[in-house]
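Below: the structure, in structure tokens.
All values below were derived from every heavy atom in this structure, side-chain atoms included, with hydrogens, water molecules and symmetry-related copies excluded. Throughout, a chain's letter reflects where its sequence line sits, starting with A, and its residues are numbered from 1.
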Number of protein chains: 2
Amino acid sequence: MVQKKNLTLKDIAKELGVSTATVSLAINNSSLVAEKTRLLVLSKIKEVGYVYNRRAASLITGKSGMVGLAVHDFTNPYFTEVCASAEKTLAQEGRMSLLCNSHESLPLQERFINALIEHNSDGLLLCPVVGTEVEQLQPLLTRGLPTVLVTRDVDGANMDFVGNDERFSFHLATRHLINLGHKRIAFIGGALDAKAARDRRSGYVDALKLNGLPVDERLLFDCDNHSEAAEKILPEVLSIESPPTAIVGFSDLIALGVLSALIALGLEPGKDIAVVGCDNIAESSRHYSQLTTVNVQKSQIGQMAASFLFQRLQNPHMPPQRKIFESELIVRRSCGAYRVS
Amino acid sequence: MVQKKNLTLKDIAKELGVSTATVSLAINNSSLVAEKTRLLVLSKIKEVGYVYNRRAASLITGKSGMVGLAVHDFTNPYFTEVCASAEKTLAQEGRMSLLCNSHESLPLQERFINALIEHNSDGLLLCPVVGTEVEQLQPLLTRGLPTVLVTRDVDGANMDFVGNDERFSFHLATRHLINLGHKRIAFIGGALDAKAARDRRSGYVDALKLNGLPVDERLLFDCDNHSEAAEKILPEVLSIESPPTAIVGFSDLIALGVLSALIALGLEPGKDIAVVGCDNIAESSRHYSQLTTVNVQKSQIGQMAASFLFQRLQNPHMPPQRKIFESELIVRRSCGAYRVS
DNA sequence: ATAATTTTTTAAAACGATTTAAAAGCCTGC
DNA sequence: GCAGGCTTTTAAATCGTTTTAAAAAATTAT
């Protein structure tokens with residue numbers, strides 16, 4: 001096992017009897033270098049097994065080819081898909097994705113952002129943790145870390161943003177239940193500190209008001225955004241005075257937890273009580289869950305976020321772009337519409 | 001908006017009237033620098049908002065603090081969890097995770113590995129794509145990219161490995177069905193080119209043979225590792241001559257697809273036909289699915305993989321380590337054991 | 001041939017840190 | 001006041017590229 005030292009541009013240059021400048025230019029497909037020289041260089045590189053050192057290069061160019069990808073919970077299928085799609089788009093353009101699962105922790109997010117800067121990242125796709133304020137974000141831009149906000153916007157940030165029309169989605173979901181005749185509709189889940197969560201609840205409230213239904217605070221239940229939490233809280237939801245006949249879940253995870261809990265109690269979703277979710281993750285379409293939900297463009301969001309970043313890297317001073325994807329109701333059994341119609 | 005140039009060590013040094021060496025040593029908490037000098041340096045750094053440039057440093061040290069994390073499908077909940085846990089462990093040690101979703105594509109995997117080297121990654125946590133041979137892996141080590149194989153081993157690679165006892169798991173699952181009286185047990189799913197998949201099927205075959213049951217090739221069905229594929233193939237499974245009374249799924253994704261398809265056909269899992277999966281992903285524990293499955297240590301695997309890598313970085317020449325996590329059967333309704341017992 | 005162009009190549013200065021051997025300071029105790 | 005032994009600090013080389021202005025070579029025009 002020979003411990004041969006790393007080959008460098010200089011070695012290639014020496015072997016070929018040219019300058020390092022020539023080799024460098026050849027590698028970068030510069031038009032300054034003669035075609036036959038380039039071929040010579042490239043074949044020599046292959047021959048001796050040289051590998052380019054991007055760090056050395058980026059020290060000069062200032063660009064690293066790396067992009068941060070931070071979400072608060074990528075085991076959440078919604079984010080898994082968004083991330084998968086973003087990663088794919090980034091990879092197609094030859095960029096690497098630096099992953100961060102921020103666990104809704106502001107310190108973790110800050111450490112990650114700082115690390116991104118230390119590593120000379122070119123940009124960041126960020127779904128900010130709850131509690132992120134403009135002040136923490138503004139430095140990103142001045143620091144030279146172009147950022148696209150994903151799913152969760154930050155008031156006053158004025159950054160590129162791509163996300164869902166949360167308000168509309170929940171208007172849609174709630175209205176659907178109202179149209180089915182429900183008058184007492186509970187809303188479960190959602191950390192309200194995030195803008196997206198507030199919007200979701202607003203959509204729910206809008207629908208109630210528009211249809212002349214009262215907004216009863218006792219029908220609002222908060223819980224962490226995963227199924228187990230929803231499952232746990234459900235008995236409480238059902239045990240209030242004049243309990244809801246329908247439930248809107250903050251997300252499919254919540255709604256599926258509700259379904260699960262209902263079944264455990266011997267209740268039949270869609271018959272005894274109506275349930276609607278949001279996100280349309282894979283699990284909701286199974287024949288055993290058949291969750292009525294709102295479909296959102298998960299992979300499109302990831303792709304568009306990456307694409308916005310590319311554009312910003314091209315043109316740092318363009319005005320911030322925004323893209324809000326439309327959502328649509330997907331009616332399955334859990335809302336009982338199949339029975340009614 | 002003043003476009004102030006990047007602050008460097010040199011600027012800090014100049015401001016403080018010391019040398020860059022002192023500043024560098026202070027930043028790195030070297031004992032060579034006097035305590036009060038270090039404090040001076042650190043406070044100045046905070047004051048002027050200097051950020052460390054890791055790329056410049058790594059050019060000399062050779063270490064980047066970045067680790068690759070490559071799986072073939074991280075939307076698969078099993079891998080999502082493994083990755084989440086690996087990322088967390090890596091982050092705790094101050095390392096960044098470079099993500100790659102290889103989509104079972106050898107070229108993508110190769111490009112990623114090459115990029116890792118170009119970027120001076122310190123190591124790699126790899127679940128190799130189907131078809132990965134020793135030849136493609138060996139360069140990693142000589143190239144200075146210490147690698148831990150995760151979940152899927154590669155014959156002859158002789159690398160650090162952490163994964164499941166696949167064979168045992170499927171022995172467990174199959175034996176359980178046999179004990180419940182089943183004689184015709186189908187096996188669905190699994191790309192057989194991966195070692196882990198072969199092991200799974202071996203476990204199934206072992207159990208049959210050990211219990212004097214014939215291995216019927218017609219009970220083996222291949223399909224992609226996701227629920228939709230399983231759902232699609234199920235009717236075919238049920239329509240063979242003397243159809244199976246039980247099904248072992250290659251994974252929970254497969255088994256859940258089977259459950260879904262059964263329900264669509266009006267059949268009751270656990271009563272009309274028994275189903276067992278493997279992985280114990282969240283979805284299988286819901287009250288509406290209640291999938292009997294084999295639990296595997298997803299987050300432990302991610303964590304241990306990271307930990308193996310740390311050890312190897314510490315001590316590059318230690319003999320390869322292996323860790324196979326034990327699995328255990330989790331009996332729920334889908335296998336019908338509740339009815340029988 | 002020579003001059004005028006155009007095409008290629010190159011030298012050398014970056015980029016922003018680390019590292020090491022040697023120099024400089026600072027204490028001892030005699 | 002100084003030899004000897006600490007503790008701190010520093011100068012300078014280094015890592016592996018890019019980049020630019022200028023030199024060299026090749027081509028074309030005269």
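- Among pairs with a residue in residues 30-43 of chain A, those fulfilling salt bridge (charged side-chain N to carboxylate O under 4.0 Å, His left out) read A:Glu35-A:Arg38, at least two apart in sequence or across chains.
- Taking a 4.0 Å limit (strictly below) on heavy-atom distances, residues 26-42 of chain A reaches DNA chain D at A:Asn28.
- Judged as a salt bridge (charged side-chain N to carboxylate O under 4.0 Å, His left out), and not counting sequence neighbours, the contacts of B:Lys44 are B:Glu15, B:Glu47.
- Between the NE2 atom of A:His119 and the C1' atom of C:dA17 there is a distance of 14 Å, given to the nearest Å.
- Between the side chains of A:Ser19 and A:Thr22, at least one donor N or O lies within less than 3.5 Å of an accepting N or O.
- Rounded to a whole Å, the NZ atom of B:Lys10 is 13 Å from the C1' atom of D:dA11.
- Look at A:Ser19 and you'll find a side-chain N or O under 4.0 angstrom from OP1 or OP2 of C:dT10.
- What separates CD of A:Glu118 from P of C:dA17 is a distance of 10 Å, to the nearest Å.
- Between B:Thr8 and B:Tyr50, the shortest heavy-atom contact is C-CE1, 3.6 Å.
- A heavy atom lying under 4.0 Å from DNA chain C marks the following residues of residues 50-60 of chain B, by number: B:Tyr50, B:Tyr52, B:Asn53, B:Ala56, B:Ala57, B:Leu59, B:Ile60.
- In summary, B:Glu104 and B:Arg152 engage in a salt bridge, as defined by a charged side-chain N under 4.0 Å from a carboxylate O.
- Residue B:Thr22 has a polar side-chain atom (N or O) positioned under 4.0 Å from OP1 or OP2 of D:dT10.
- Rounded to the nearest 0.5 angstrom, A:Leu98 CG and B:Leu99 CG are separated by 9.5 Å.
- Each ring-ring contact (aromatic ring centres under 6.0 Å, His included) pair with one or both residues in residues 72-101 of chain A, not counting sequence neighbours, appears once here: A:His72-A:Phe79.
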Run the side-chain donor-acceptor check on residues 119-130 of chain A: report pairs under 3.5 Å with partners two or more places apart or on a different chain.
from     : atom 1 : to      : atom 2 : distance (Å)
A:Asn120 : ND2    : B:Asn53 : OD1    : 3.4
A:Asp122 : OD1    : A:Ser64 : N      : 2.8
A:Asp122 : OD1    : A:Ser64 : OG     : 3.4
A:Asp122 : OD2    : A:Gly65 : N      : 2.7
A:Asp122 : OD2    : A:Arg95 : NH1    : 2.9

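- Here the P atom of nucleotide C:dA14 and the CG atom of B:Asn6 are 17 Å apart, to the nearest Å.
- The salt bridge (charged side-chain N to carboxylate O under 4.0 Å, His left out) search around A:Glu118 returns B:Arg54, not counting sequence neighbours.
- A straight line from CG of A:Leu7 to C1' of D:dG16 spans 12 Å, rounded to a whole angstrom.
- With 3.5 Å as the limit, one finds a donor-acceptor pair spanning the side chains of A:Thr132 and A:Gln109.
- Distance, A:Leu25 CG to C:dA11 P: 13 Å, rounded to whole Å.
- Checked against side-chain contact (heavy atoms from CB on, under 4.5 Å), B:Arg322 has the following partners two or more places apart in sequence or in another chain: B:Asp153, B:Phe161, B:Ile324.
- Smallest separation of non-hydrogen atoms from B:Leu9 and B:Ser24: CD1-CB, 3.7 Å.
- The side chain of A:Thr20 has D:dT18 as its nearest neighbour among C:dT10, D:dA11, D:dT18.
- Between its opening and closing five pairs, the helix from C:dA1-D:dT30 to C:dC26-D:dG5 changes axis direction by 50°, a value rounded to 10 degrees.
- If you take NZ of B:Lys14 and C1' of C:dA17, they are 15 Å apart, rounded to a whole angstrom.
- The side-chain contact (heavy atoms from CB on, under 4.5 Å) test applied to B:Ser43 returns no partner, not counting sequence neighbours.
- In this structure, B:Lys63 atom NZ and C:dT19 atom P are separated by 13 Å, rounded to whole Å.
- Partners of B:Gln321 by side-chain contact (heavy atoms from CB on, under 4.5 Å), not counting sequence neighbours, listed by chain and number: B:Asp160, B:Phe308, B:Gln311, B:Met318.
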Pull out every protein N or O sitting under 3.5 Å from an N or O of nucleotides 22-26 of chain D, one pair per line with the distance.
none

